[in-house]
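The next block holds one structure in the form of structure tokens; read it before the comments.
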Amino acid sequence: QFLLVESGGGLVQPGGSLNLTCTASGLTLASYAVAWFRQAPGKGREGVSCTSIRSSGINTKYTDSVKGRFTISKDNAKNSVYLQMDSLKPEDTADYYCAARHISAACINDESWYDHWGQGTRVTVST
């Protein structure tokens, strides 16, 4: 059974930081493309960042609104992927999900591309 579990969400003030963790069981993330998506209240799911391995090396992508503030990373030894979120803004408030696909290719921030999903962790940025 494949399982992705997100953790690390919570309430933070604007300008603060959070580090989200996605830990996998039943699959080895080293050979998977992994992404973080988010869904704000009343809005559709948005791709935030993704990382994958391809023949030319590690590939990462970020949506424009988080570039320079969020960093995605992977720890194969811990079978986990992280999303370090700095300089958080109220508009970052959302449920954050990790997703994975067993593929060696450039990742994309498109939810239809991924096969496995976690249950999400809530991030609230507010005073």
Side-chain angles (χ1 to χ4, degrees):
Q1 180 181 359
F2 301 148
L3 196 62
L4 298 174
V5 179
E6 302 94 335
S7 61
L11 173 64
V12 63
Q13 292 187 344
S17 297
L18 284 174
N19 190 23
L20 304 184
T21 300
C22 173
T23 300
S25 60
L27 56 89
T28 303
L29 286 181
S31 58
Y32 279 73
V34 183
W36 286 97
F37 289 80
R38 66 185 179 185
Q39 187 165 17
K43 295 187 178 181
R45 194 169 291 184
E46 173 193 27
V48 176
S49 180
C50 65
T51 184
S52 63
I53 294 289
R54 53 180 180 168
S55 58
S56 59
I58 297 173
N59 166 246
T60 60
K61 292 181 180 176
Y62 299 91
T63 193
D64 287 345
S65 62
V66 308
K67 285 180 180 176
R69 300 190 298 121
F70 291 10
T71 303
I72 191 169
S73 61
K74 184 190 285 187
D75 186 335
N76 292 331
K78 295 184 178 179
N79 211 24
S80 296
V81 172
Y82 308 97
L83 186 68
Q84 175 66 39
M85 305 187 297
D86 299 316
S87 302
L88 282 162
K89 304 176 181 180
E91 52 263 43
D92 295 317
T93 295
D95 291 325
Y96 283 72
Y97 302 86
C98 69
R101 175 175 174 171
H102 188 210
I103 192 169
S104 176
C107 62
I108 60 174
N109 285 328
D110 181 338
E111 62 178 311
S112 65
W113 198 69
Y114 295 88
D115 302 317
H116 308 289
W117 289 83
Q119 293 300 306
T121 185
R122 180 156 293 176
V123 172
T124 304
V125 185
S126 175
T127 56

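Along the sequence shown, the residues carry numbers beginning at 1.
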Check your understanding: Atom CG in Leu4, atom CG in Leu27: separation rounded to 0.5 Å?
Key -> 5.5 Å
Exercise for review: Using the ring pair (Phe, Tyr, Trp, His ring centres under 6.0 Å) rule, pick out the option among Tyr114, Trp113, Tyr96 that qualifies with Phe37.
Suggested key: Tyr114
Review point. Roughly how far, to the nearest 0.5 Å, is the CD1 atom of Ile58 from the NZ atom of Lys74?
Key: 8.0 Å
Check your understanding: Between Thr93 and Thr124, do the side chains contain an N or O donor and an N or O acceptor separated by less than 3.5 Å?
Key -> no
Practice item. Please answer whether the main-chain N or O of Gly44 pairs with a side-chain N or O of Gln39 as donor and acceptor at a distance below 3.5 Å. Key: no
Practice item. Begin with the C-alpha distance, continue with both residues' side-chain angles, and end with the deciding distance and a verdict on side chain to side chain contact (heavy atoms under 4.5 Å, CB included) for Val123 and Met85. Key: CA-CA 10 Å; Val123 172; Met85 305 187 297; 3.8 Å; yes
Point to revise | Shortest non-hydrogen separation from Thr60 to Ile72 and the atoms involved | key: CG2-CG2, 4.0 Å
Exercise for review: Determine yes or no for a side-chain-to-main-chain donor-acceptor pair under 3.5 angstrom, with Ser80 supplying the side chain and Thr21 the backbone.
Suggested key: no
Review point. So does Arg45 have more than 12 non-hydrogen atoms from other groups sitting under 6.0 Å from CZ?
Key: yes
Check your understanding: Is the backbone N or O of Tyr62 less than 3.5 Å from a side-chain atom of Ser49, with the two atoms forming a donor-acceptor pair by type?
Key -> no
Review point. To the nearest 0.5 Å, what is the distance between CG (Leu18) and CG (Asp86)?
Key: 9.5 Å
Review point. Just how far is it from atom CG of Leu88 to atom CD of Gln13, taken to the nearest 0.5 Å?
Key: 11.5 Å
Exercise for review: Dump the intermediate steps for side chain to side chain contact (heavy atoms under 4.5 Å, CB included) on Tyr97 and Arg38, then the final yes or no.
Suggested key: CA-CA 6 Å; Tyr97 302 86; Arg38 66 185 179 185; over 6 Å; no
Review point. Should we say atom CD of Gln119 is surrounded by more than 12 heavy atoms from elsewhere, each under 6.0 Å from it?
Key: no
